[in-house]
Amino acid sequence: MATEKLTEYERRRLETIKRNEEMLVSLKIHTRLSELSAAFKRQRAEKSYKVSPEKKPKSEEPVVIRRSLRTRGLPPDAPGLGDEIIELRAKPSKPNSPPKPSPHVLGPFRMRDAYRGSGSDEALIKTISRRSQVNSSDESVNGQENDYKDQISSGLHDGSDWSYSNSTVRVLEDNLLGCSTGCESIRVKGSVDLGSLSLEPENIARVVPGRIMAVRIFPSTEMTIIAAGNKFGDVGFWDVESRNEDRDGIYLYHPHTAPVSGILVQPFSLSKIYTSSYDGLVRLMDVEKEVFDLIYSSNDAIFSLSQQPNDANSIYFSEGNGVVKMCDVRVGNTSASWNLHENRINSVDFNSANASIMATSSTEGTAGVWDLRKMHVDKPKALKMVCHRRSVQSAYFSPSGNCLATTSFDNNVALLSGANFEDISMIRHDNQTGRWISSFRAVWGWNDSYIYVGNMKRGVDVLCTTQKRIIFTLQSQHASAIPCRFDAHPHKIGMLAGATSGGQIYIWTAPS
DNA sequence: GATATGCTTAAATAG
DNA sequence: CTATTTCCAGCATATC
């Protein structure tokens, strides 16, 4: 009986795939359609997570958890493709209702086609576009920076290129350190009074449905916009200051068909936002063009996304089983690929003091520090390996670049320091989040003193790097869920966004 | 080694 | 208010 039902399900799926065939033909993967049948048989044999067999949704498609080969850690070779195609199709609505126009295609689509909010998203587009333009000739910055901008512009190949050199960044850093500018890729540094941080009720909002996987504060002092990516492939934007009685200031899009693993807002061009996903895609949301572009596509899941602080033309991401790739966004292909770990890589980060130094963390149980200038193609050798006893969820460099903090399921936050990160110390911290809460990832604040990491009591533990212990815990009666993913505002000291598994964002702030 | 299965966990939401 | 549902982690254990 169950077999019968699944057979029916298979039939419908095959129909869907037929419908997608034209699209697939252009992608030159249609020749592998013949392999689908076999893939389905495997999938049928595979049981989804313990579902009570009695309750079946009547006359609905059975809810089968789509687990592609890649999420099961299998090689991305031939037989996995069937899953990919399924994930490209629109999520089935009711059998007889006309299919919603779906952007789930392997290509660019308009923002409005991915928009899932109730009102209009015009206000968001306006806010981001206006600020983005302001940022390229920011009035809050003195003439000095405009000179740098000119300097930067003079080195461009064309108008759509935002490259700038190492030396330029160095000059920027020397001159602008500590200044409040509208937009630069250098983080402000400073100390924060932990006791003064608070979570105000107006700084709480549900930005997406379901579990948040990635959160990012826009790198601007002119506005407060926070982007959150969830498990379903949604990306929500919260324009915090625009909230009033009529508007919630929240805008929801659906650019991906699987969990969103990374969000990058371009510091010099706030209207350009990269997103990565388990669906194997990297997209570029261009708010001015009002499109979600396709930058990169893979058969493997993409688990994290990063960028060097001095190169806006390249993105780095981790893919499948332990691979990091670099992609030139102007060309759209990967120009480098390294196999660095045996298992999925949960984070990729770059050192602010030396953009060639990269850190990775892996489910394999290790974190690595790498020098991109010395990467052997076959077997890259790490400058430093951190060994944990369980999976490592993150490895992030401190604001100065002198330290590295890794977070692991083995209940440690490891702290590396020293000229070659040779000094390692462990700070105990309960990181057992269980199944429903995204893993904790300790993030740096605005100097090398403190690290912020969620706890299971709905608070934020602050680890002191000198005392190697929890020195403070941010708590609030307004926090109704566990904040598990964080982003510290790069230019506003004390502004820390925490994201929950229920789609909420908490913004802790320092008094102004 | 590959594969399956069971257990942990919190919060939205259905009732 | 309680009962149910979620189910793309990660780990331990059992079986082949």
Side-chain angles (χ1 to χ4, degrees), chain A residues 42-57 60 62-76 79-80 83-84 86-87 91 204-214 229-234 256-262 276-281 298-304 318-321 341-347 361-366 388-394 407-411 430-441 454-459 478-485 498-506:
Chain A
R42 258 194 322 284
Q43 195 159 40
R44 181 180 58 186
E46 159 192 345
K47 269 175 78 177
S48 62
Y49 202 82
K50 197 170 189 174
V51 213
S52 56
E54 310 304 326
K55 301 174 198 161
K56 285 173 201 153
E60 289 276 343
V63 179
V64 173
I65 298 164
R66 288 178 293 188
R67 298 189 65 201
S68 65
L69 289 176
R70 60 164 189 263
T71 58
R72 282 174 274 154
L74 296 175
D83 296 311
E84 293 307 318
I86 292 154
E87 288 183 358
K91 196 168 188 170
I204 297 174
R206 198 172 306 283
V207 178
V208 289
R211 185 199 295 188
I212 293 175
M213 314 282 289
N230 71 3
K231 204 187 59 180
F232 308 124
D234 303 320
H256 291 285
T257 58
V260 176
S261 53
S276 65
S277 167
Y278 288 23
D279 67 10
L281 309 183
S298 165
N299 285 333
D300 290 321
I302 295 170
F303 293 112
S304 66
S318 64
E319 178 182 316
N321 261 355
H341 292 276
E342 295 298 314
N343 212 324
R344 65 189 269 176
I345 293 173
N346 297 305
S347 72
S361 64
S362 169
T363 298
E364 145 193 281
T366 60
H388 282 272
R389 294 163 65 168
R390 298 283 187 276
S391 78
V392 189
Q393 295 301 325
S394 63
T407 310
S408 168
F409 258 94
D410 72 357
N411 285 344
D430 178 10
N431 296 327
Q432 301 307 304
T433 47
R435 184 185 177 88
W436 312 123
I437 307 298
S438 290
S439 53
F440 291 148
R441 294 177 176 180
N455 69 33
M456 293 300 275
K457 293 177 184 146
R458 301 174 178 173
H478 301 119
S480 61
I482 295 168
C484 45
R485 296 289 160 91
T500 75
S501 278
Q504 285 181 305
I505 299 281
Y506 301 143

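Since we're looking at a predicted model, the values are computed, not measured. Just so it is clear: chains get the letters A, B, ... in the order the sequence lines come, proteins before strands, and each one is counted from 1.
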Rounding to a whole Å, what distance do you find between [X]:[atom1] and [N]:[atom2]?
X: A/Arg211; N: C/dG10; atom1: CZ; atom2: C1'; answer: 12 Å
X: A/Glu342; N: B/dA2; atom1: CD; atom2: P; answer: 11 Å
X: A/Asp430; N: B/dT8; atom1: CG; atom2: P; answer: 16 Å
X: A/Phe409; N: B/dT8; atom1: CZ; atom2: P; answer: 15 Å
X: A/Asn343; N: B/dG1; atom1: CG; atom2: P; answer: 14 Å
X: A/Arg389; N: C/dG10; atom1: CZ; atom2: P; answer: 18 Å
X: A/Leu281; N: C/dC8; atom1: CG; atom2: C1'; answer: 15 Å
X: A/Ile345; N: C/dA9; atom1: CD1; atom2: P; answer: 15 Å

Between the protein and nucleotides 10-14 of chain B, list every N/O to N/O distance that falls short of 3.5 Å.
{"unit_1": "B/dA10", "atom_1": "N6", "unit_2": "A/Trp436", "atom_2": "NE1", "d": "3.4"}
{"unit_1": "B/dA10", "atom_1": "N1", "unit_2": "A/Trp436", "atom_2": "NE1", "d": "3.1"}
{"unit_1": "B/dA11", "atom_1": "OP1", "unit_2": "A/Ile482", "atom_2": "N", "d": "2.6"}
{"unit_1": "B/dA11", "atom_1": "OP2", "unit_2": "A/Arg458", "atom_2": "NH2", "d": "3.1"}
{"unit_1": "B/dA12", "atom_1": "OP1", "unit_2": "A/Arg206", "atom_2": "NH1", "d": "3.4"}

For a quick test of reading the model: is some side-chain N or O of [X] closer than 4.0 Å to OP1 or OP2 of [N]?
X: A/Gln432; N: C/dG10; result: no
X: A/Arg390; N: C/dA12; result: yes
X: A/Ser391; N: C/dA9; result: no

| task | Check every strand shown and say whether A/Glu364 touches a base, only sugar-phosphate, or nothing at a heavy-atom separation below 4.0 Å. | result | nothing

| task | Not counting sequence neighbours, which residues clear side chain to side chain contact (heavy atoms under 4.5 Å, CB included) with A/Ser347? List them please. | result |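 Side chain to side chain contact (heavy atoms under 4.5 Å, CB included) list for A/Ser347, sorted by chain: A/Ser361, A/Ser394, A/Ala395, A/Tyr396.
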
| Under 3.5 Å, is there a donor-acceptor pair between the A/Ser439 and A/Arg485 side chains? | yes

| message | Quick check for you: among C/dC8, C/dA9, C/dC11, whose closest atom lies nearest to any side-chain atom of A/Arg435? | response |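 From the listed options, C/dA9 comes nearest.
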
Check side-chain hydrogen bond (donor to acceptor under 3.5 Å, both in side chains) between [X] and all other residues, then give those that pass, not counting sequence neighbours.
X: A/Gln432; value: A/Asn411
X: A/Asn230; value: A/Asp234
X: A/Ser304; value: A/Ser318
X: A/Ser501; value: none

| query | What distance do A/Ile437 atom CD1 and A/Arg211 atom CZ have between them, rounded to the nearest 0.5 Å? | reply | 7.5 Å

| note | Comparing nearest nucleotides in DNA chain C, the 5'-proximal residue of the pair A/Pro259, A/Asp410 is A/Pro259

